[in-house]
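Notes follow the structure.
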Amino acid sequence: MPETAQFVDPRRWKALIFIAIAQLMVVLDATIVNIALPSAQTDLDISDGNRQWVITAYALAFGGLLLFGGRIADLWGRKQTFIVGLVGFAAASAVGGAALNSSMLMGARALQGVFGALLAPAALSLLAVMFTDAKERAKAFGIFGAIAGGGGAVGLILGGVLTEYMDWRWTFFVNIPFAAVAAAGAVAVIREPVESRNPSRLDIPGVILATTGLVALVYGFTRAESDGWTAGWTIGLFIAAAVLLAAFAVVETRVKAPLLPLRVVTDRNRGGVYLSLGLAIIGMFGLFLFLTYYMQIVKGYSPVKTGFAFLPMVVGMIVGSTQIGTRLMTRVPARLLMGPGFAVAAVGMLILTQIDLDTSYTWQILPGFILLGLGMGTAFMPAMSLATHGVQPRDAGVASAMVNTSQQVGGAIGTALLNTIAASATTDYAKSHMLSAPSATALKMQAMVHGYTTAIWWAVGILVLAALIAVTFVNAGRQDGGGPVASGDGEGKGAIEDAVPVMVH
């Protein structure tokens, strides 16, 4: 095996600490702002029609630029990209916290998305090139997977505490110390093999087509949520996304140094990981969205209490990722962790379809959260590792970006699709029970819960589908080889196919 595949960084475990801090910051930011949004809306006098842009501006920039950010990491080097992403994200957060009006806040959110698109793939690909021993890789990705899966729920807790006891602006300012610590640590301890960089020129047509296509896709789902699935803008955006992404696929087969080498996504195992992860995130976003509203509006929980109510799910994710996934990843094939993991999560979600106006948290919501966390943690861990396992080091950044892209697009789909389903079910229930309801308030609450449970039923089905895809598509053996394979010519499909069986199968 070539020398670069055996690169072992003596400070890799210290580096993991700072990579994990950066990943936690990015994942926290995805949910922490949701809790603070009502307060920010009132303070800055943001209209109901424009408030969605606080979330959408970030999602469009982040989702649209992820592939570009991943390739930049391959070209510049992951460490440099990682540090630039951290500094930029901190600066954008400072602007957001100091926002004087809605435009300033939305601009800051867009900048957060831009630098997040550099930071997220650089963080994951650093792990891919630094941890080459199978058991060490399992532990490292177990920690990373737990943070990626549970950080969103932690964001709900932290967002509730900061908003309730301090000020909504601190949900932005809190990113600055995270970024400062991670950047200082990165400068001091992170090293990467120089040979893992990709010296090829940047594929400009690919960047333009991929970015505009992904932006159109994410924005299409956002418009579907607000305007409806049959609105002209929604349909037009989906058509544009399909045309742009199809053109991107054609261009990538013809340019010498593609932005996304198709060998990265056409590999059966990585393709299965990207698809099943994206579907799982759809279901997860449905849960966060509806259970947050359920606990605050129906059950009357405060933001802080709501955040802490999600804590058992976070603990379950950590246990599933670090204790189950990490211990078994080098002993059993990934599909036997991913498939059952998503299935257990679906059972947890199934329990949550039974919520009503007087559901007990202890006897019903808590067991559902624990099963959901254990299942997701167990599945996420081998999925995160397999997504970059066996890929050539020069492609590690863009392979990592595909993990984030599948999650980001999955989140956009989940928010729009499940929210639309819930709204429709709520309206239908209210109409059909209008005459038999004891009061208008009772009808409103019952209709709301019916909408939530209907959407969660869909989420159960989506998680079952993710489990089936993981079992069917992912045929890799246990991950008992090294990390990313050493780069050869970097272009031929045969080179990676010859190397992958040693590492993955």
If you count every heavy atom of other residues, nucleotides or ligands that lies below 6.0 Å from Y301 atom OH, does the total exceed 12?
yes
Output, in order, the C-alpha distance, side-chain angles, deciding distance and verdict of side chain to side chain donor-acceptor pair (under 3.5 Å) for Q354 and T359.
CA-CA 8 Å; Q354 304 305 306; T359 293; over 6 Å; no
Would you tell me whether R223 and Y219 have side-chain atoms, one donor and one acceptor, within less than 3.5 Å of each other?
yes
Could you list all the salt bridge (charged side-chain N to carboxylate O under 4.0 Å, His left out) pairs where at least one residue sits in residues 91-109, not counting sequence neighbours?
D29-R109
Which residues share a salt bridge (Lys or Arg N to Asp or Glu O under 4.0 Å) with D43, sequence neighbours left out
R169
Measure from the side-chain N and O atoms of T378 to the backbone N and O of L337, and report whether any donor-acceptor pair falls under 3.5 Å.
no
Parallel, tilted or perpendicular: which one describes the rings of W229 and F238, with boundaries at 30° and 60°?
parallel
Parallel, tilted or perpendicular: rings of H433 and Y429 (30°, 60°):
parallel
Look only at the side chain of R270 and the backbone of V265, and say whether a donor-acceptor pair between them is shorter than 3.5 Å.
no
Ring centres under 6.0 Å, that's the criterion: do F62 and Y58 meet it?
yes
Any non-hydrogen side-chain atom of N269 less than 4.5 Å from a side-chain atom of V474?
yes
Side chain of T426, backbone of A447: donor and acceptor closer than 3.5 Å?
yes
Taking atom CZ as the centre, does F308 end up with more than 12 heavy-atom neighbours from other residues, nucleotides or ligands that are less than 6.0 angstrom away?
no
